[in-house]
Enquirer: 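Sharing a structure here in structure tokens format.
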Amino acid sequence: MSTTSFNVADIFGENVFNDTVMKERLPKNIYKELRRVIDEGAELRLEVADVVANAMKDWAIEKGATHYTHWFQPLTGVTAEKHDSFISAPKANGKILMEFSGKELIKGEPDASSFPSGGLRATFEARGYTAWDCTSPAFVRQDAAGATLCIPTAFCSYTGEALDKKTPLLRSMEAINTQALRIIKLFGNTTSKRVIPSVGPEQEYFLVDKAKYLQRKDLIFTGRTLFGAMPPKGQELDDHYFGSIRERIAAFMKDVNVELWKLGVSAKTQHNEVAPAQHELAPIYAQANIAVDNNQLTMEMLKKVAGRHGMVCLLHEKPFAGVNGSGKHNNWSITTDDGINLLEPGKTPHENVQFLLVLTAIMAAVDKHADLLREAAGNPGNDHRLGANEAPPAIISVFLGEQLGDVVAQLISTGEATSSKQGGRLNTGVSTLPNLVKDATDRNRTSPFAFTGNKFEFRMVGSSDSVASPNIVLNTIVAEQFCEIADELEKAEDFDMAVHDLIKKLATDHQRIIFNGNGYADEWVAEAERRGLPNLKSMVDAIPALTTEKAIQVFEKFGVFTSAELKSRAEIQYEAYAKALNIEAKAMIDIASKQIIPAVIKFTTSLSASINGVRAAVADADVSVQTQMLKESSQLLADTQSSLVKLKDLMTKTDSFNTEKDLAIFFKDEVKPAMDALRAPVDRLEMIVDKDMWPMPSYGDLIFEV
């Protein structure tokens, strides 16, 4: 284990072309112009871009870079890049120059036909553009390929449609900024110039030994175990959660931190999660688009560094059935450029009128667009996790806690909030321990959208997903509500009375979305149905939310998505679900046919030979145990074969569907149950067949031997 010491402050951001580097390397007038574009939004002049590009190139070359890439986030959910070297055409003397122009910095032209477009681009229509997002700093990534200058960019088609996650995210940030400024100006704030959504995504993941991983075709092909019986011990003892971190894992975490700190990612908190072999990494909050970029870097770095340590990082939401899956809690708040958090309630929130208006506006937004938030957390892996008593239910609700819940209840019942519950102090009962300052409210880990002090925590996002989608939705739906509020208050004759009435109306009209109880309870499902809250259990059930008249109206109003872009994303989501299930089903067929059934036949043949051998050697020998094992395993083998045949038959029908939607529904309603039916007898067989004959490492091998 490495014991190399270092000073975090010395290495943090050393590979980032950040504000400090720009100030050092750019002429004052160029720096000032670039800073104005970043802070206020404007088109960067080409002559300015040329100077920036040259300085960025020199800085990157000093760090060993030979290539640059426009680093973008297509609708695959991962990042993409095409590398170009800095070298120019050789001169007459055979020498080359290292060049990088402003034009190359600002715009790239990757192929747009090979990425998901949902019909926005035909296969023969290849041109696409990447555009530099100067609000997210460039960085140098160092790996086996050497050093590469990575330039965060947006990605759009030749006809201007967004083909990525970043473009609509930036649009949504502009929308909430514009509308939030209207709100705070009504309260007399004339100093704040921007309102910025801030995000802190907590990343959960599993680590498994690479040698064992390579013996599991299901993990290789799909990222999750398609077969697998639970070991004698799982997570029942809760001994892994916050437990002592093993040295191999600690060494991995240390290297991840170093790599992320160099890239300016503020990795802060790390610990063991609930399930064996599961862990979590959380950063400090950052501006939403930077947080999204940083989370993509985090996922990439987790995978890369795991390989160096002989391990594999699994980001699938449910890699192991029967133990907790992995999510990504999206902590969201809105803050002004001069540091005012609009979700800070203060010590007496009942007196904080601006906060109460923002709070009830968010309640209203979430209530109106719960289906969009649920869709934003939808992916095939998350269907295994949501509502499984380990993650929030698929029903969207808002947790306010005791203090705010009481304030809102006062507003609803009497129209006035006259008090706020206080936390007080907690007596530990030990003379050598200090008494603790007690919060005014508890936390609720079963709530999908919980207020947690000065932010909302959206807990439904899947561990493998980009956090761009939920933040696009949050920013946009809150911008809509802020806009409606500002429209009403700007024309009010008595502002104080209008605000008072509006807060009460929003709280009353949208109180159904508040739920502070146990989201895992069956009673909540029935209660939510009584309240009229949607319960979209599957990703496929949630996708239609993208193309409702309500969704199109809100996204088009604020220029975040066009109707065509929304319809394309719905098509992409259906296609993604069908493709994921198609791969999983084919992998199950392959593994069952080539590995499991032959192994069981070998076992039953050996068992049968053993029975016959004993009988031949010892007259009237008692072989009832062996016979019973042979009978049980033979029956389960027959069940496996029967289920396999049914799954194969279903898969022959997948070419008969005319739309991606119909195909996705078929996979959800027909293929997935058939996959579950095939798994059931196989998992029982794993508990019978000799371990030496079983063709793959068990759950116990994977999650306890890391």
Side-chain angles (χ1 to χ4, degrees), residues 212-213 215-231 234 314 316-323 325 379-385 388 537-540 577-605 629-657 663-691 693-703:
K212 296 183 177 71
Y213 166 88
Q215 297 176 57
R216 297 275 322 205
K217 284 187 175 183
D218 47 3
L219 284 178
I220 293 171
F221 291 143
T222 73
R224 76 178 181 102
T225 52
L226 301 172
F227 301 103
M230 279 295 295
L314 303 177
H316 193 284
E317 286 69 26
K318 194 73 170 177
F320 304 102
V323 299
N379 75 29
N382 228 10
D383 278 3
H384 297 280
R385 192 178 74 95
K537 298 179 180 179
S538 164
M539 169 188 176
V540 176
Y577 183 89
K579 284 182 175 179
L581 271 290
N582 184 59
I583 293 169
E584 288 185 354
K586 286 183 174 179
M588 288 192 86
I589 290 169
D590 183 74
I591 294 166
S593 301
K594 297 178 181 177
Q595 291 183 275
I596 291 168
I597 289 177
V600 178
I601 290 174
K602 182 179 179 181
F603 171 74
T604 54
T605 300
M629 287 181 64
L630 179 60
K631 181 179 179 181
E632 184 178 2
S633 54
S634 296
Q635 181 58 57
L636 288 171
L637 178 61
D639 294 343
T640 300
Q641 177 63 20
S642 174
S643 297
L644 177 62
V645 170
K646 181 177 180 180
L647 181 58
K648 284 181 174 179
D649 179 61
L650 286 172
M651 293 300 290
T652 64
K653 301 175 182 178
T654 57
D655 291 333
S656 62
F657 294 91
L663 180 59
I665 292 171
F666 174 74
F667 270 105
K668 176 178 74 78
D669 293 343
E670 302 292 338
V671 175
K672 190 174 180 297
M675 292 166 61
D676 295 338
L678 174 56
R679 177 171 187 154
V682 171
D683 288 357
R684 290 180 62 190
L685 280 166
E686 185 181 347
M687 303 302 295
I688 300 172
V689 175
D690 188 327
K691 180 175 175 59
M693 292 185 180
W694 195 250
M696 63 190 75
S698 68
Y699 271 19
D701 298 330
L702 289 165
I703 63 178

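Nothing here was measured: the structure is a model prediction, and the numbers come from that model.
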Enquirer: With rounding to the nearest 0.5 angstrom, report the NZ to CG distance, K646 to L644.
Expert: 13.0 Å
Enquirer: Could you measure the distance from the CG atom of N382 to the CZ atom of R385? Nearest 0.5 Å is fine.
Expert: 4.5 Å
Enquirer: Counting only heavy atoms not in M687 (residues, nucleotides, ligands), do more than 12 fall under 6.0 Å from its CE?
Expert: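 Not more than 12 within 6.0 Å, no.
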Enquirer: Taking S633 for the side chain and L630 for the main chain, is one N or O donor matched with an acceptor at less than 3.5 Å?
Expert: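 The answer is yes, because a donor-acceptor pair under 3.5 Å joins these two groups.
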Enquirer: Strictly by ring pair (Phe, Tyr, Trp, His ring centres under 6.0 Å), give each pair with a member in residues 633-653 just once, sequence neighbours left out.
Expert: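 Of all non-adjacent pairs touching residues 633-653, none passes ring pair (Phe, Tyr, Trp, His ring centres under 6.0 Å).
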Enquirer: Please enumerate all residues that pass salt bridge (charged side-chain N to carboxylate O under 4.0 Å, His left out) together with K602, with sequence neighbours excluded.
Expert: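 None.
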Enquirer: With the threshold set at 4.0 Å, does a side-chain nitrogen-carboxylate oxygen contact exist between R216 and D701?
Expert: no
Enquirer: Mind listing the closest non-hydrogen atom pair of W694 and V682 along with its distance?
Expert: CH2-O, 3.7 Å
Enquirer: What pairs meet the side chain to side chain donor-acceptor pair (under 3.5 Å) rule with one or both residues in residues 589-598, with sequence neighbours excluded?
Expert: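 Side chain to side chain donor-acceptor pair (under 3.5 Å) check on residues 589-598 returns K217-D590, D590-K594.
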Enquirer: List for me each residue that meets side-chain contact (heavy atoms from CB on, under 4.5 Å) alongside S642, sequence neighbours excluded, and say none if there are none.
Expert: none
Enquirer: Looking only at heavy atoms, which two atoms of T654 and L663 are closest? And how far apart?
Expert: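 Nearest pair, atom of T654 first, then L663: O-CD1, 3.6 Å.
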Enquirer: Identify the two heavy atoms, one from G228 and one from R679, that lie closest to each other, and give their separation to 0.1 Å.
Expert: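 Smallest interatomic distance, heavy atoms only, reads O-NH2, 3.1 Å.
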Enquirer: Would you call E317 and H384 a side-chain contact if the rule is heavy atoms closer than 4.5 Å?
Expert: no
Enquirer: Mind checking side-chain hydrogen bond (donor to acceptor under 3.5 Å, both in side chains) for E584 and listing every partner two or more places apart, or none if nothing turns up?
Expert: R224
Enquirer: For T225 and D218, which I'm curious about, is there any donor-acceptor pair between the side chains at under 3.5 Å?
Expert: no
Enquirer: In sequence, state the C-alpha distance, the side-chain angles, and the governing distance for M696 and I591, and then conclude on side-chain contact (heavy atoms from CB on, under 4.5 Å).
Expert: CA-CA 10 Å; M696 63 190 75; I591 294 166; 3.6 Å; yes
Enquirer: Listed by chain and number, what are the side-chain contact (heavy atoms from CB on, under 4.5 Å) partners of T605, not counting sequence neighbours?
Expert: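 Expected list: I601.
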Enquirer: Please list, chain by chain and in numerical order, all residues satisfying ring pair (Phe, Tyr, Trp, His ring centres under 6.0 Å) with F221, sequence neighbours excluded.
Expert: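 For F221, no residue satisfies ring pair (Phe, Tyr, Trp, His ring centres under 6.0 Å) once neighbours in sequence are set aside.
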Enquirer: Any donor and acceptor pair, going by atom type alone, linking the side chain of N582 with main-chain N or O of K579 inside 3.5 Å?
Expert: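 The answer is no, because no donor-acceptor pair under 3.5 Å joins these two groups.
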Enquirer: Say you draw a straight line from CD1 of I596 to CG of L685; how long is it, rounded to the nearest 0.5 Å?
Expert: 8.5 Å
Enquirer: So, using salt bridge (charged side-chain N to carboxylate O under 4.0 Å, His left out) as the criterion, who are the partners of D655 when residues are at least two apart?
Expert: none
Enquirer: Taking ring pair (Phe, Tyr, Trp, His ring centres under 6.0 Å) as the definition, give me every residue that meets it alongside Y699, ordered by chain and number, with sequence neighbours left out.
Expert: F320
Enquirer: Please enumerate all residues that pass side-chain contact (heavy atoms from CB on, under 4.5 Å) together with A580, with sequence neighbours excluded.
Expert: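 Once residues adjacent in sequence are excluded, the partners of A580 under the side-chain contact (heavy atoms from CB on, under 4.5 Å) criterion are P380.
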Enquirer: Is the side chain of K318 donor-acceptor paired with the backbone N or O of V323 at a distance under 3.5 Å, no angle test?
Expert: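 Present.
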Enquirer: Indicate the atoms forming the closest heavy-atom contact of L581 with F667, along with that distance.
Expert: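 Nearest pair, atom of L581 first, then F667: CB-CD2, 3.5 Å.
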Enquirer: Any idea which heavy atoms bring K212 and P697 closest together, and the distance?
Expert: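 Result for this residue pair: O-CG, 3.6 Å.
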Enquirer: Is R684 reaching over with its side chain to a backbone N or O of A229, donor-acceptor style, under 3.5 angstrom?
Expert: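 Not a single qualifying donor-acceptor pair exists.
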Enquirer: Between V600 and L636, is a side-chain contact (heavy atoms from CB on, under 4.5 Å) present by the stated rule, with each step listed?
Expert: CA-CA 9 Å; V600 178; L636 288 171; over 6 Å; no
Enquirer: Can you check whether K631's main-chain N or O pairs, donor with acceptor, with S634's side chain at less than 3.5 Å?
Expert: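 No; judged by distance alone, with no hydrogens or angles, the pair does not exist.
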Enquirer: When rounded to the nearest 0.5 angstrom, what distance separates CD1 in I597 from OG1 in T604?
Expert: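 So the CD1 of I597 and the OG1 of T604 are separated by 11.0 Å.
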Enquirer: What is the distance from atom CD of E686 to atom OG of S698, rounded to the nearest 0.5 Å?
Expert: 6.0 Å
Enquirer: Please identify each residue that fulfils ring pair (Phe, Tyr, Trp, His ring centres under 6.0 Å) with Y213, with sequence neighbours left out.
Expert: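 By the ring pair (Phe, Tyr, Trp, His ring centres under 6.0 Å) rule, Y213 matches no residue at all.
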Enquirer: In chain order, what residues pass the side-chain contact (heavy atoms from CB on, under 4.5 Å) check against D676, with sequence neighbours excluded?
Expert: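 D676: side-chain contact (heavy atoms from CB on, under 4.5 Å) contacts with K672.
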Enquirer: Nearest heavy-atom pair of Y577 and M539: which atoms, and what distance?
Expert: CD1-SD, 3.7 Å
Enquirer: Measure the OG-CZ distance between S656 and F666 for me, rounded to the nearest 0.5 Å.
Expert: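 Going from OG on S656 over to CZ on F666, the span is 7.0 Å.
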